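Data first, discussion second: the structure below is written as structure tokens.
Proteins come first, then strands; the chains are lettered A, B, ... in the order of their sequence lines, and each starts at number 1. Values in this document were obtained by computation on a predicted structure and should not be read as measured data.
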There are 2 protein chains.
Amino acid sequence: MTRTVFEKSDVIPLVTEVFRELGYEGASLSKITARTRLSKGSLYYFFPGGKEQMVAEILAHIDQWFINNIFEPLEKNEPRAAIDHMWREVDAYFQSGQRICLLGAFAMDGTRDRFDTVIRQYFMRWIEALSTALVRTGVSKETADQISEETVAGIQGGLVVSRALNDDSFFERTLARLAQRLSTYHYLN
Amino acid sequence: MTRTVFEKSDVIPLVTEVFRELGYEGASLSKITARTRLSKGSLYYFFPGGKEQMVAEILAHIDQWFINNIFEPLEKNEPRAAIDHMWREVDAYFQSGQRICLLGAFAMDGTRDRFDTVIRQYFMRWIEALSTALVRTGVSKETADQISEETVAGIQGGLVVSRALNDDSFFERTLARLAQRLSTYHYLN
DNA sequence: GTCTATACAGTGATAGAC
DNA sequence: GTCTATCACTGTATAGAC
């Protein structure tokens, strides 16, 4: 009889996948226990606040990952390199479209109201960080804002349609087109 | 004491709004009865198959609306006029971003598996209908497919981010940019 | 075609043993 | 830090009166 002992940092990725697959309301405690192999007791040990706390911590965790791996590089590093880096990270993170964006998905249903602030901040910072990088390549603020909005929305749309069609190649093509278009702006400068 | 008597065609739009706001799992029968002012008894009279049947009929209804108002015009009418018409209808239908796309939202969670076929067909037909119209303006098949994928994904992404930011103007800007970009293709021909 | 009453499974959450 | 047992409540669905 094996007994696995976890700490919270092990648990979060496990629970995250369940919410990603089933959504906030769809991820019932029994579904979560079944898929994580953790009992309700253990779950409430880590998250005394229940589902709401789980998701709050999951979203904070995802947000932090994007800050570290995408937003801050865009804000601070050499902009063209940071943009290239963003495309690689985005493709890897979303597993070529097989993984959805939890913050985007939660924006679409009643869950949004609960996690309003994190969701808004995440998208605002992504758009602003990308715009900042573009401005540093010499693109005008107005153009940079426009193309950043278009790019971030394009990624989300790619995830939606790719999943709707059940076709990973759709997401790949979308990323390639967006990256191509973005580069036509910053290569000019 | 007033008593309102409905037929199914009256009920579907009412129920649709509830699923749009709350998602499949979030829209419990008690939430639906509260918001539509119809009792469970009445609901099961119209939809003996329960929630699953409700959503199946809702999605079929939405799909049919898009076929009549957007897809068939794109496939049959003068292409540039049909594309202009599409932009107006899309903006009106999604109420400038305040209304989400149910088929897109359902693609993002566990609901997708239940309504797999309708969801896939809807997006495939939209992309193909738009591509067909573009080809008829003289754009090459390859370019038309590309720009159609980009446009449909862009609309979905606009809805996601607009709602995430809680900012209708984001959706409006997204539509304007996509329409502008699309026109640069078919105006050339 | 409307409704209320009811069944009973599944829900989030807690207590307490190990 | 793990678990099972149990709680009150909400979930979907049905029956039957009007």
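- Remark: C1' of dT12(D) and CZ of Phe46(B) are 19 Å apart, rounded to the nearest angstrom.
- Rounded to whole Å, atom P of dC3(D) lies 10 Å from atom CG of Leu43(A).
- The main-chain N or O of Arg163(A) is found under 3.5 Å from a side-chain atom of Arg112(B) such that the two form a donor-acceptor pair.
- Nucleotide dT2(D) holds its P atom 11 Å from the CZ atom of Phe47(A), rounded to whole Å.
- Using a 4.0 Å cut-off between a side-chain N of Lys or Arg and a carboxylate O of Asp or Glu, Arg125(A) and Glu75(A) qualify as a salt bridge.
- Between Glu57(A) and Lys8(A) a salt bridge is recorded (basic side-chain N to carboxylate O distance below 4.0 Å).
- When the ring pair (Phe, Tyr, Trp, His ring centres under 6.0 Å) test is applied to Tyr45(A), no partner is found at least two apart in sequence or on another chain.
- Asp91(A) is listed as a side-chain neighbour of Ser96(A), based on a closest heavy-atom distance under 4.5 Å.
- Connection of Ile147(B) to Trp126(B) is established within a shared hydrophobic cluster, with ILVMFWY side chains joined at heavy-atom distances below 4.5 Å, either directly or through further cluster members.
- Using a 4.0 Å cutoff on non-hydrogen atoms, the parts of residues 16-28 of chain A near DNA chain C are Ala27(A), Ser28(A), ordered by number.
- A donor-acceptor pair is defined here as one N or O able to donate and one able to accept, closer than 3.5 Å; such a pair exists between the side chain of Thr16(A) and the backbone of Ile12(A).
- For the pair Glu149(B) and Arg177(A), the salt-bridge criterion is met [side-chain N within less than 4.0 Å of a carboxylate O].
- The phosphate of dT2(D) (OP1 or OP2) has no side-chain N or O of Ser39(A) nearer than 4.0 angstrom.
- Atom-to-atom, CD1 of Ile32(A) to P of dG10(C) comes out at 17 Å; the value is rounded to the nearest Å.
- For the pair Ser30(A) and dT11(C), the criterion of a side-chain N or O lying under 4.0 Å from OP1 or OP2 is met.
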For a quick test of your reading: what N or O donor-acceptor pairs under 3.5 Å do the side chains of residues 59-68 of chain A make, sequence neighbours left out?
| unit_1 | atom_1 | unit_2 | atom_2 | d |
| --- | --- | --- | --- | --- |
| Gln64(A) | NE2 | Asn68(A) | OD1 | 3.2 |
| Asn68(A) | ND2 | Gln64(A) | O | 3.4 |

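- Among residues two or more places apart in sequence or in another chain, the side-chain hydrogen bond (donor to acceptor under 3.5 Å, both in side chains) test is passed with Lys141(B) by Asp145(B).
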Could you run down the sub-3.5 Å N/O contacts of the protein with nucleotides 13-18 of chain D?
| unit_1 | atom_1 | unit_2 | atom_2 | d |
| --- | --- | --- | --- | --- |
| dA13(D) | OP2 | Tyr44(B) | OH | 2.6 |
| dA13(D) | O5' | Tyr44(B) | OH | 3.1 |

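- Contacts between residues 108-117 of chain A and DNA chain D, counted as heavy-atom distances below 4.0 Å, involve no residue at all.
- Look at Glu17(A) and Arg20(A) and you find a salt bridge, because one of the NZ, NE, NH1 or NH2 atoms lies within 4.0 Å of a carboxylate O, short of that distance.
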